[in-house]
**Student:** 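Have a look at the structure that comes next, please.
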There are 2 protein chains.
Amino acid sequence: MPDTRPMRADARRNYERLLAAAVAEVARTGADASLEKIARDAGVGSATLHRHFPTRQALLEAVFHDRVEGLCAEAHELTGSAEPGRALADWLRAVAVYGATTRGLAASLLASVREPVAASDTGCEAMLTDAGGKLLRSAQDAGAVRPGVAIGDLLTMANAVSLTTEDGAEAARLVTLAIEGIHPRP
Amino acid sequence: MPDTRPMRADARRNYERLLAAAVAEVARTGADASLEKIARDAGVGSATLHRHFPTRQALLEAVFHDRVEGLCAEAHELTGSAEPGRALADWLRAVAVYGATTRGLAASLLASVREPVAASDTGCEAMLTDAGGKLLRSAQDAGAVRPGVAIGDLLTMANAVSLTTEDGAEAARLVTLAIEGIHPRP
DNA sequence: TGACAAACGGGGGACCACCCCGTTTAGTCT
DNA sequence: AGACTAAACGGGGTGGTCCCCCGTTTGTCA
């Protein structure tokens, strides 16, 4: 990547102001927060917002990037746990709960699933797929999870649950239900 | 209910025009179709649309009402099947597939779950809960489904899946996954 | 310090939901 | 049949949104 010249000072400053305003506003209003208001709160023109974040999706990715990194770190910690099946389940619950409580993450992730991004992207979806994939493989190696279950499906399920509930406890319950299935335990 | 006077002829005519236009437009554009365009296509003023359907939610409920009745009829047929567990699974898949392919139904149903409507309502959610509840009870009586599984959770799951995929085959796959769980079959 | 590219932001166009209120019209009562 | 009334209508206004154009400012580097 040849032209990775550092950002101009004012550009970086505005970028950070916008991100801070966006974090606050998205937490308050959800994923369909008003971009105009975010720009106003940040004290910049709306054109500047659109220059830094060409799409709403790009803004949401930035807003949730830190937290997604946290979830990935958690996945790395859990990899190699003594109970890999439980570790996977716990992690999926954490993903769903975070998505449910922080309104908008789920919608953001889903959008990127539908409209896949470049391969070497650092998007939220790619990060979670990598981190969760390892966790899933451990669980499958230990015989706790059927082969044929894909991490993409599990993440989609967790996101789906997030989209529906916006309530952490219910999200956890639904993910547990999906993991256990509905049949009687043998 | 004392004043259930019949609708005036022009009101009913416009109601039907609006509904027809809405069905077409929602099928084309999804749940966030433009209300203005629907009114234009119906040949009525936008105020008339808002009078007949005070909220977008109300319009969507009307749009999907027929089809939801179809799903409920299907549930009634399946009740008393020889394999109640399979019947329930089939029905949930049908709900999810319909929601996934007919863009917007899922979002519509979810909204009504979050903001519960009056008890004796004929809303989509209530109809599906009734119909599916019977199916679930049969399956539980037959020992095919754990007690403690609630119809509300299953419908929420089906809707969640609908929201994520807009692709019938994938929706069916995800619902199956949630029904079976991720653990190895004994 | 000066030149120049990069970044800025006001303002405008196109769209939207929603509502006010003067006008039309369907149903009813004599 | 004709008149009356309340219900239904819809044009147009308000305030909001997203997105982009383009003249202006500002940081950076020689």
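Here is how names work: the chains are called A, B, and so on, in the same order as the sequence lines, proteins then strands, and each is numbered from 1.
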**Student:** Starting at atom CD of B:E36, determine the distance to atom C1' of D:dG11, rounded to an integer number of angstrom.
**Tutor:** 12 Å
**Student:** In whole angstrom, give the distance that lies between atom CG of B:L59 and atom P of C:dC16.
**Tutor:** 15 Å
**Student:** Heavy-atom nearest nucleotide on DNA chain D for A:A47 versus A:S34: which residue maps closer to 5'?
**Tutor:** A:S34
**Student:** What's the closest nucleotide to the side chain of A:L35 if the choices are C:dC8, D:dG10, D:dC19?
**Tutor:** D:dC19
**Student:** To the nearest angstrom, how far is A:L49 atom CG from D:dT17 atom P?
**Tutor:** 13 Å
**Student:** Touch check for A:A33, heavy atoms < 4.0 angstrom, all strands: base, sugar-phosphate only, or nothing?
**Tutor:** sugar-phosphate
**Student:** Just checking B:R51: base, sugar-phosphate only, or nothing, at a heavy-atom cut-off of under 4.0 Å?
**Tutor:** base
**Student:** What is the distance, rounded to the nearest whole Å, between atom CG of B:D32 and atom C1' of D:dC18?
**Tutor:** 14 Å
**Student:** Roughly how many Å is it from NE2 in A:H52 to P in C:dA6, rounded to a whole number?
**Tutor:** 14 Å
**Student:** Using a distance-only criterion (donor-acceptor N/O pair, under 3.5 Å, no hydrogens), is the base of C:dA6 paired with the side chain of A:R8?
**Tutor:** yes
**Student:** Working note: A:D41 + A:K37, criterion salt bridge (Lys or Arg N to Asp or Glu O under 4.0 Å); need CA distance, chi angles, decisive distance, verdict.
**Tutor:** CA-CA 6 Å; A:D41 288 356; A:K37 174 155 174 49; 3.2 Å; yes
**Student:** Report yes if at least one side-chain N or O of A:H50 is closer than 4.0 Å to OP1 or OP2 of D:dC19; otherwise report no.
**Tutor:** yes
**Student:** Check whether any side-chain nitrogen or oxygen of A:N14 sits under 4.0 Å from OP1 or OP2 of C:dC8, and answer yes or no.
**Tutor:** yes
**Student:** Could you tell me how far apart A:Y15 (OH) and C:dG9 (C1') are, to the nearest whole angstrom?
**Tutor:** 20 Å
**Student:** Assuming nearest nucleotide by heavy-atom distance, tell me which of A:K37 and A:S46 is located more 5' along DNA chain D.
**Tutor:** A:K37
**Student:** Calculate the interatomic distance between B:R17 atom CZ and D:dA8 atom P; express it in whole Å.
**Tutor:** 16 Å
**Student:** So how far is it from A:M157 CE to B:M157 CE, rounded to the nearest 0.5 Å?
**Tutor:** 6.5 Å
**Student:** Using only atom types and a distance under 3.5 Å, with no angle test, would you say the side chain of B:E74 pairs donor to acceptor with the backbone of B:V95?
**Tutor:** no
**Student:** Nearest 0.5 Å, what's the OG1-CG distance between B:T164 and A:N159?
**Tutor:** 8.5 Å
**Student:** Just how far, in rounded Å, is C1' of D:dG11 from CZ of B:R40?
**Tutor:** 14 Å
**Student:** Measure from the side-chain N and O atoms of B:H183 to the backbone N and O of A:A144, and report whether any donor-acceptor pair falls under 3.5 Å.
**Tutor:** yes
